[in-house]
Trainee: 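Structure incoming, see below.
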Amino acid sequence: GHEKVCFAGEDAASEEEAAPEEDAASEEDAASEEDAASEEGAAPTEGRRQQVVQDAPLALLPREALLVVCSYLESPDLVRLGWVCSRLRDVSRSEAAWEHVEYPNTEYPRDGWRQSGELRIAPALRSLTLSYYTWPPFNLAQCTRRVREFELVWGMNWEQSYDVDKIGRLLRLYRGHLQVVKLGCMQSRGAAQAEMRLLRVIDRLGVQELYVAGRLLKAYGGRAVTELAAGAEVGQHVLADALAGARRTLTAFRVDPNLDWNNWAVRSRPVERALRKCKKLEELRVPWGRSVALLDGFPCLRSLTLLHLGPTKQHVAVKRFFKTSTATRQLERLTVHFNLFACRGLTRAVAAGCPNVRHLTLVYRGLGSMTCIRTDVPRDLHAILGAMGDLESVVLVRARVPGSVLNALADGALPNLTLLHLKLCSVTKKGRSARTRLQSARPDLKMVVNHLSSAFREPTPPLSWRYDISRCSRSMCRAASDCEEEDDDPVLDVGEDWGCEESFMLGY
């Protein structure tokens, strides 16, 4: 059987294996002492600490095997394991046993900080997540400083800046062990100096990566940053600093498409100056504005996404840009987000200025993300896109697709097209028949449909809009197309019998 291992409470060290002779002698001595005590009428254990004999198989495992067991346990389990005996306490309180623990663990619900005892006990942590507005009620300097990943979560507060000194002091506690820093926000209106002070503190910590709002912002130690994404959570000077640090390796820069098109951080001069120096850019996603003037300075650019295109005052500038730009003629992939209307004139200008595009995506914002109203695409969209002779795929998002476009594709328009993706779109009754005809006439054309609904129009547009949302009012967009002399494919009005072919009101 197993040799017995003796423990004298949690504070005693584990006993080593003893020779058989020594075990027999110790047992004889103990028996003689108990006999003498019984003869004197005293209790055998009176006046001394009773030994606990622990012969559980778990306690007999080598330390390396016990550490493997600990790697499958979370913080509450590691704490309880240390209550068993002194040897398991010694193993479960070691740094190696806690280096995988993420705190807090969502699998163990907590009532605020009342169950935070394991944080004070932990000798090391893989990751520590705190909330800026629910700071721990105890001194974190008295807890472990061996944290490899630190995350601080808080929402954007444009009225009040965060305490840079408070965050900086906490981050300095983990210097030498910290590898990754994740912050929920590095922007506060009117506090640009505070943002840069916090960034400089992180720069001197010796970490490997800095994330803001879940996106990689900076990498250290000679690591190359090839992709960079920015949202409203990053201030203009912080973003410019990140672009400057990655100017030699950056190949993709993307702005959050949900960002307000007037966001001052992305449209600021420091960001534009830093972006101008990134000569290896191959993919770019930016809002329409001054930043498009930089496109001709990117010789490797192959993919472009333009956000918030379409306000009436932009028409002349957009037409001039796509007519004169050399960068648009080398594009292979193009995505355009229209603000409100389909803007037939702008669509023609885009198609004429990007003849080599093979993959095109047109996104229509409409009257808001929660409205059922779709934006009318031009009824001769197939003819407009004919300027892109090598077009292989077309994606339409939140659009009302007329049957004339689907019938023209069935008749052979855009012969190189292999993919038509309709996402959150609507079609008329004749459009449904045209869709069936298209699938029969061109089996090589893959048609993907997500949440297609029946086209309809409200008598009075929502949100107190009082103009026809089907057309842009600019002269270059009001010109009638060849197939619009008689519209024999009208959309339904509210109150008529309309239904959904597939999922409706999903995915907004």
Side-chain angles (χ1 to χ4, degrees), residues 310 336 338 340-351 360-367 371-388 391 393-415 417 419-442 445 447-459 461 467-474 476-494 496-502 504:
V336 179
F338 287 98
L340 185 60
F341 305 106
C343 295
R344 182 173 181 271
L346 293 185
T347 306
R348 291 179 63 92
V350 170
L360 176 66
T361 301
L362 301 177
V363 182
Y364 301 97
R365 187 176 181 180
L367 290 176
T371 179
C372 303
I373 303 300
R374 300 290 183 258
T375 302
D376 287 328
V377 300
R379 299 183 62 81
D380 60 343
L381 181 64
H382 53 281
I384 295 175
L385 300 184
M388 300 176 174
L391 201 59
S393 67
V394 174
V395 181
L396 300 178
V397 183
R398 293 192 182 95
R400 187 159 45 215
V401 184
S404 57
V405 175
L406 301 177
N407 281 320
L409 293 177
D411 293 335
L414 303 177
L417 195 66
L419 173 64
L420 177 63
H421 187 178
L422 304 181
K423 184 177 181 181
L424 301 175
C425 291
S426 62
V427 294
T428 60
K429 290 183 178 180
K430 292 187 176 181
R432 291 195 293 270
S433 301
R435 173 193 168 191
T436 303
R437 177 171 175 260
L438 172 60
Q439 291 174 328
S440 301
R442 295 181 63 171
L445 175 59
M447 191 169 184
V448 180
V449 177
N450 297 116
H451 311 309
L452 188 69
S453 61
S454 296
F456 72 97
R457 192 194 313 278
E458 289 187 354
Y467 49 78
D468 183 10
I469 67 170
S470 62
R471 283 296 184 88
C472 175
S473 60
R474 301 290 292 182
M476 64 183 295
C477 294
R478 293 292 295 180
S481 61
D482 297 336
C483 60
E484 288 181 317
E485 294 181 358
E486 293 183 4
D487 188 0
D488 60 349
D489 189 18
V491 299
L492 298 175
D493 291 330
V494 172
E496 296 187 32
D497 184 18
W498 61 274
C500 303
E501 289 188 8
E502 299 174 19
F504 184 64

Trainee: Run the side chain to side chain contact (heavy atoms under 4.5 Å, CB included) check on V397 and L362 step by step: do they pass?
Mentor: CA-CA 6 Å; V397 183; L362 301 177; over 6 Å; no

Trainee: Kindly say whether R379 contributes a backbone atom to a donor-acceptor pair with the side chain of S404 at under 3.5 angstrom?
Mentor: yes

Trainee: So, using side chain to side chain donor-acceptor pair (under 3.5 Å) as the criterion, who are the partners of T361 when residues are at least two apart?
Mentor: none

Trainee: Report yes if some heavy atom in the side chain of V395 is under 4.5 Å from a heavy atom in the side chain of L420; otherwise report no.
Mentor: no

Trainee: What distance separates T347 OG1 from L385 CG, expressed to the nearest 0.5 Å?
Mentor: 8.0 Å

Trainee: Verify, without hydrogens or angle tests, whether R435 (side chain) and N407 (backbone) share a donor-acceptor contact under 3.5 angstrom.
Mentor: no

Trainee: Can you check whether N450 reaches H421 side chain to side chain, under 4.5 Å on heavy atoms?
Mentor: yes

Trainee: Assess the residue pair L445 and L438 against the criterion (side chain to side chain contact (heavy atoms under 4.5 Å, CB included)); give the C-alpha distance rounded to whole Å, side-chain angles, the decisive distance to 0.1 Å, and a yes or no.
Mentor: CA-CA 8 Å; L445 175 59; L438 172 60; 3.8 Å; yes

Trainee: Which residues satisfy the side-chain contact (heavy atoms from CB on, under 4.5 Å) test with A413, sequence neighbours excluded?
Mentor: H382, A408, L409

Trainee: Testing the basics here: between C425 and L396, what is the closest heavy-atom pair and its distance to 0.1 Å?
Mentor: SG-O, 3.2 Å

Trainee: Would you check if V363 and V336 make a side-chain contact, meaning some heavy-atom pair closer than 4.5 Å?
Mentor: no

Trainee: Over all heavy atoms of both residues, which pair between P402 and V377 is shortest? Give the atoms and the distance, please.
Mentor: CD-CG2, 3.3 Å

Trainee: To the nearest 0.5 angstrom, please state how far the OG atom of S454 sits from the CZ atom of R400.
Mentor: 12.0 Å

Trainee: Under a 4.5 Å cut-off applied to non-hydrogen side-chain atoms, are L422 and V401 in contact?
Mentor: yes

Trainee: Going by the rule side-chain contact (heavy atoms from CB on, under 4.5 Å), which residues pair with R348 if we only count those two or more places apart in sequence or in a different chain?
Mentor: R344, I384

Trainee: Side chain to side chain contact (heavy atoms under 4.5 Å, CB included) for V448 and K423? Distances and angles first, verdict last.
Mentor: CA-CA 8 Å; V448 180; K423 184 177 181 181; over 6 Å; no

Trainee: Ion pair present between D411 and R437, side-chain N to carboxylate O less than 4.0 angstrom?
Mentor: yes

Trainee: Looking only at heavy atoms, what is the nearest atom pair of A434 and G403, with distance?
Mentor: CB-O, 3.8 Å

Trainee: Do you know the tightest heavy-atom contact between V394 and L391?
Mentor: CG2-CD2, 3.4 Å

